[in-house]
Amino acid sequence: MKVDGVPYRTIWLAPDGTTVQVIDQTLLPHAFVVRDWRRMEDAERGIRTMIVRGAPLIGAAAAYGMALAMAADPSDAMLTHAYTVLMASRPTAVNLRWALDDLHALLAPLAPPERRDAAYRRAAEICDEDAEICRRIGENGLGLIRQIKPRSGERVNALTHCNAGWLATVDWGTALAPIYQAHDAGIPIHVWVDETRPRNQGASLTAWELAKHGVPHTVIADNAGGHLMQRDQVDFCITGTDRTTRCGDVCNKIGTYLKALAAHDNGVPFYVGLPYPTIDWTLERGADIPIEERSAAEVSRIAGRTAAGAVATVELLPAGSPAANPAFDVTPARLVTALVTERGVCAASEAGLLSLYPDRARAA
Ligand code: MRU
């Protein structure tokens, strides 16, 4: 996607062919800064501190982390070390495990001198594949948007939570890809953007990227969605996911479940954009997904730009009040109208997913 007319992905290789470059998402929307990663430890820190975030991008970043490790030392010991360290960088997004398992299976049988180039090649392939997957999610979601008859007025109103746009992936996004394609196709579409406390990925990232692409949008407090649905101001909800079980339970940013409940109560379709590496075929129940508990400081403080233009962080809570910060929740499959994947649209159920991914059926 473009930033001020210049095409960008979220992660790419510098002209030296070794350094990995990423957009620092912790500084958006106030500053657009590109970071250089020269060592595997830079990638680990970048994922852990959310310089890069979003399930598909976390997978791509981990793949390049393995490549950086192999550039430094292609030994068996480093292969194991990098796999272990990167795997521990964030717990929820299953794309991390998917990418690391993929790289490890590719590299382990190779002689050490062959590992560096093979790792860089595969990381680049994973990035290209992610961009193409997201483009196809966009096409498949566009088919759904074309069928929507707006409940009020002329425009189609979408509601999204957190950031599952191009910043969460390599390009296009998952939840936002259909919205970009609808906008580009001339469909009048407007997006209600949940601010998504506590880290505000909606207010900081989704609003920023929609604005850069010229998509009409309005940022709302996380608590406003149910009210807007009651007033026919939302035609459909669409979110991404960090891990979806083989039975269609959707783990996503905290607060997604509440939106799905409100959508269900108001007969508003609730869609989830989903690339195949985000499906955890090893799990049936969403309750078995480990949920990341992030720092209480994300709840007790907030950062923003002052009138003077400086970025400042302020305290919100009375001194001594504790805060808790579960970062994800699970929306049960029964509340999800459909999953929108690169292979098509399906029911949020094992049968639905297997209709698109029949190779994942268990042997009878
Ligand atoms: O904690 P984050 O910002 O990495 O979480 C990302 C999300 O939960 C997004 O909502 C997104 O849908 C999943 S990635 C496409």
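We count ligands from 1, going down the list as the structure has it; atoms in each ligand are counted the same way. Any value given below was found using the heavy atoms of this structure, including those in side chains, with hydrogens, waters and symmetry copies removed.
With A168, G240, G54 as candidates, the residue nearest to atom 4 (O) of ligand 1 on a non-hydrogen basis is G54. The residue from T160, I47, L205, D242 that puts a heavy atom closest to atom 13 (C) of ligand 1 is D242.
If you number the atoms of ligand 1 from 1 as listed, the ones under 4.0 Å from a heavy atom of R90 come out as 1 (O), 2 (P), 4 (O). Less than 4.0 angstrom separates some heavy atom of Q201 from each of these atoms of ligand 1: 1 (O), 2 (P), 3 (O).
Side-chain contact between L210 and H183: absent, with no pair of heavy atoms (C-beta onward) separated by less than 4.5 Å.
Residues E209 and Y180 have side chains that bring a donor and an acceptor to within less than 3.5 angstrom of each other. With 3.5 Å as the limit, one finds no donor-acceptor pair spanning the side chains of D194 and T196. Between Q233 and N157, the side chains place no donor N or O within less than 3.5 Å of an acceptor N or O (distance only, hydrogens not considered). Y83 and D101 are linked by a side-chain donor-acceptor pair at a separation below 3.5 angstrom, with hydrogens and angles left out of the test. Using a 3.5 Å distance cut-off with no hydrogens or angles, the side chains of S152 and R231 do not pair a donor with an acceptor.
An N or O contact shorter than 3.5 Å is missing between T174 and ligand 1 by distance. Here's the thing with N252: one of its N/O atoms is less than 3.5 angstrom from an N/O atom of ligand 1.
Considering every non-hydrogen atom in both A118 and L110, the closest pair reads CB-CD1, 3.5 Å.
Contacts between T241 and ligand 1 below 4.0 angstrom, taking non-hydrogen atoms only, involve the backbone exclusively. With a 4.0 Å heavy-atom cut-off, ligand 1 is reached by the side chain of P56 but not by its N, CA, C or O. Of the heavy atoms in K253, both backbone and side-chain atoms come closer than 4.0 Å to ligand 1. The residue E292 has no part lying near ligand 1, judged by heavy-atom distances below 4.0 Å. Residue-level proximity to ligand 1 for N163 is carried by the backbone, the only part with a heavy atom below 4.0 angstrom.
Within the structure, ligand 1 lacks A327 among the residues with a heavy atom less than 4.0 angstrom away. Ligand 1 has M50 within reach: a non-hydrogen atom of the residue lies less than 4.0 Å from it. For the ligand labelled ligand 1, residue T239 lies outside the 4.0 Å heavy-atom shell.
Between F32 and Y8, the ring centre distance stays below 6.0 Å.
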Check against salt bridge (charged side-chain N to carboxylate O under 4.0 Å, His left out), D280 and R97: CA-CA 10 Å; D280 188 343; R97 185 178 80 203; 3.0 Å; yes

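Shortest contact from atom 14 (S) of ligand 1 to any protein heavy atom: A55 N, 3.1 Å.
The cationic group of K253 lies under 6.0 Å from the six-membered ring centre of F328 and within 45° of the ring axis, placing it in a cation-pi geometry.
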